[in-house]
Protein chains: 2
Amino acid sequence: MPDHETESSMKRGELARLTGCNIETIRYYEKIGMLPDPPRTSAGYRVYSRDHVTRLHFIMRARELGFAMEDIRGLLGLGDRAAPTCAEVKARTDRHLADVRTKIADLKRIEAVLAATAAKCSGAEVPECPVLDAIGS
Amino acid sequence: MPDHETESSMKRGELARLTGCNIETIRYYEKIGMLPDPPRTSAGYRVYSRDHVTRLHFIMRARELGFAMEDIRGLLGLGDRAAPTCAEVKARTDRHLADVRTKIADLKRIEAVLAATAAKCSGAEVPECPVLDAIGS
DNA sequence: TATAAGGTCTGTAGCGACCACAGGCTCAAG
DNA sequence: CTTGAGCCTGTGGTCGCTACAGACCTTATA
């Protein structure tokens, strides 16, 4: 006898397909407490609901925006945290935004150096290379 | 009797101080074949020379420029590779430069989204937050 | 010369955020 | 009843380090 399934219940593979999340990643998120443990069928299969879809979408979107898991935990009020206030969310976002801007600045500096040194290259089949000289000095 | 030491020979700690590299990282680079195995004293202490300093500086600089270890191996002609030609170095650098530019573009998109959503925040001590809405939708 | 402090040695485990696989169940279709 | 797909668990790998623990060696001071 199959377990009862409501309209919006699904197994792990379907959740993965629906969200575009890797199927193993879903298990990982459960393991680290980002996704609530879903109920199981009598055979041990995970049964997900619409709430899981929403939560997983949130996590994925936050990850796309570069938030670390710890940040997302904070945004979701997970662990022993209470649901965050707007002020807390803003503070976290501003911190992250500052990080992102720092990373952009770092990468731009790198880009400039790479572009400048690569421009010096002859591209010839010779062992001497101005890029190697630039890095090595 | 202490082992003979030439002027420019040094132990691991001094190499670390001299280059600013973490002392454990030096051992790691040796383990993965980025630094040649140094000779040892009779007690097993590693003895580094000026060549090691040069090589380590090169690696550190390349890492600062965001090259992956595999790239650096290529730049150095390590493993079973021959020393690269200028053309090969240029190709590798151009590929990496393209990567860096992609990352910058990604981060800029993230920055725009974060800045736009954070701007909507009231910063009040209330649980409703436009940032959460933006991520969640 | 004894001892204490500090450097070095090895192996191993941890980080973050996953991804992939092996070996065993379960389920649905034909 | 069999086949194949999907799910289960545990474990190990990725990258580039970093941080121990516990043993050994060296150096300086008393």
Side-chain angles (χ1 to χ4, degrees), chain A residues 1-5 9-35 37-48 52 56 58-76 78 96 99 103 106, chain B residues 1-5 9-35 37-48 52 56 58-76 78 96 99 103 106:
Chain A
M1 206 205 305
D3 295 81
H4 180 72
E5 290 190 9
S9 77
M10 68 198 85
K11 299 211 229 52
R12 191 150 58 104
E14 202 184 333
L15 179 60
R17 259 195 318 279
L18 204 61
T19 57
C21 185
N22 182 295
I23 192 167
E24 296 294 323
T25 303
I26 294 171
R27 195 159 61 108
Y28 170 69
Y29 285 162
E30 177 182 325
K31 188 171 132 203
I32 64 169
M34 303 291 301
L35 277 178
D37 292 12
R40 304 281 188 130
T41 67
S42 50
Y45 282 27
R46 291 167 179 83
V47 180
Y48 295 102
H52 292 95
L56 184 49
F58 185 97
I59 296 170
M60 292 175 74
R61 180 92 175 111
R63 289 291 299 136
E64 278 166 21
L65 291 174
F67 283 103
M69 288 315 219
E70 256 317 290
D71 288 323
I72 302 177
R73 253 184 252 276
L75 294 177
L76 285 167
L78 292 181
H96 178 46
D99 272 6
K103 272 187 191 137
D106 290 348
Chain B
M1 207 205 305
D3 295 82
H4 180 72
E5 289 190 10
S9 77
M10 67 198 85
K11 300 211 229 54
R12 190 149 59 106
E14 202 183 334
L15 178 59
R17 260 194 316 280
L18 204 61
T19 55
C21 185
N22 183 296
I23 190 166
E24 295 293 323
T25 304
I26 294 171
R27 194 159 61 106
Y28 170 69
Y29 285 161
E30 177 183 326
K31 188 172 132 203
I32 65 170
M34 303 291 300
L35 277 178
D37 293 14
R40 305 281 189 130
T41 68
S42 51
Y45 283 26
R46 291 168 178 83
V47 181
Y48 295 101
H52 292 95
L56 184 49
F58 184 97
I59 296 170
M60 291 175 74
R61 180 93 176 109
R63 289 290 300 137
E64 278 165 22
L65 290 175
F67 282 102
M69 288 316 219
E70 256 317 289
D71 288 323
I72 302 177
R73 252 184 253 275
L75 294 177
L76 286 167
L78 292 181
H96 178 46
D99 271 6
K103 273 190 189 132
D106 289 348

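Scope of the values below: all heavy atoms of this structure, side chains included, with no hydrogens, waters or symmetry mates. Here is how names work: the chains are called A, B, and so on, in the same order as the sequence lines, proteins then strands, and each is numbered from 1.
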Colleague: With side chain to side chain contact (heavy atoms under 4.5 Å, CB included) as the test, would you mind laying out the steps for A/Leu75 and A/Phe58 before giving the verdict?
Modeller: CA-CA 10 Å; A/Leu75 294 177; A/Phe58 185 97; 4.2 Å; yes
Colleague: Within the structure, does a side-chain N or O atom of B/Thr25 lie under 4.0 Å from either OP1 or OP2 of D/dC17?
Modeller: no
Colleague: Within the 4.0 Å heavy-atom criterion, would you say A/Ile23 contacts the bases, only the backbone, or no part of the nucleic acid?
Modeller: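 It contacts sugar-phosphate atoms only.
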Colleague: Mapping B/Arg17 and B/Arg27 onto DNA chain C by nearest heavy atom, which one lands closer to the 5' end?
Modeller: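 The residue whose closest nucleotide sits nearer the 5' end is B/Arg17.
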Colleague: Rounded to the nearest angstrom, tell me the gap between atom OH in A/Tyr28 and atom C1' in D/dT11.
Modeller: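 Spelled out: OH on A/Tyr28 to C1' on D/dT11 is 15 Å.
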Colleague: Whole-Å distance between C/dT10 P and B/Ile26 CD1?
Modeller: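 After rounding, the gap between these two atoms is 13 Å.
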Colleague: Rounded to whole angstrom units, what separation is found between the CE atom of A/Met34 and the C1' atom of C/dA17?
Modeller: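 After rounding, the gap between these two atoms is 11 Å.
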Colleague: How would you label the contact of A/Arg63 with the nucleic acid (heavy atoms, under 4.0 Å): base, sugar-phosphate, or nothing?
Modeller: sugar-phosphate
Colleague: Do any side-chain nitrogens or oxygens of B/Arg73 fall under 4.0 Å of OP1 or OP2 in D/dC15?
Modeller: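 So the side-chain polar atoms of B/Arg73 never come under 4.0 Å of the phosphate oxygens OP1 or OP2 of D/dC15.
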Colleague: So does A/Arg46 get a backbone contact from the side chain of A/Arg12, meaning a donor-acceptor N/O pair under 3.5 Å?
Modeller: no
Colleague: Can you measure B/Leu35 atom CG to D/dG16 atom C1' for me and round it to whole angstrom units?
Modeller: 14 Å
Colleague: May I have the step-by-step check of side chain to side chain contact (heavy atoms under 4.5 Å, CB included) for B/Arg63 and B/Met69, ending in yes or no?
Modeller: CA-CA 8 Å; B/Arg63 289 290 300 137; B/Met69 288 316 219; 3.7 Å; yes
Colleague: Could you walk me through whether A/Tyr28 and A/Met34 pass the side chain to side chain contact (heavy atoms under 4.5 Å, CB included) check?
Modeller: CA-CA 9 Å; A/Tyr28 170 69; A/Met34 303 291 301; over 6 Å; no
Colleague: In whole angstroms, how far is the P atom of D/dC15 from the CD atom of B/Glu24?
Modeller: 21 Å
Colleague: Where the side chain of B/Asn22 is concerned, which of D/dT18, C/dA20, D/dT26 is the nearest nucleotide?
Modeller: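 Nearest listed nucleotide: D/dT18.
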Colleague: Using heavy atoms to find the nearest nucleotide of DNA chain D for B/Ala68 and B/Tyr45 separately, return the residue whose nucleotide is more 5′.
Modeller: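 Per heavy-atom nearest nucleotide, the more 5' residue is B/Ala68.
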Colleague: Between P on D/dC17 and CD1 on B/Ile72, what's the gap in Å once rounded to a whole number?
Modeller: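 My rounded result for the distance is 8 Å.
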Colleague: Could you check how far CD1 of B/Ile32 sits from P of D/dG16, rounded to whole Å?
Modeller: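 Whole-Å distance recorded here is 7 Å.
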Colleague: Less than 4.0 angstrom from a charged side-chain N to a carboxylate O is my criterion; do A/Arg27 and A/Glu24 meet it?
Modeller: yes
Colleague: Could you tell me the separation between the CG atom of B/Leu15 and the C1' atom of C/dT8, rounded to a whole number of Å?
Modeller: 14 Å
Colleague: B/Met69 side chain: which of D/dG16, C/dT26, C/dA17 is closest?
Modeller: D/dG16
Colleague: OP1 or OP2 of D/dC8 sitting under 4.0 Å from any side-chain N/O of A/Arg46?
Modeller: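 Yes.
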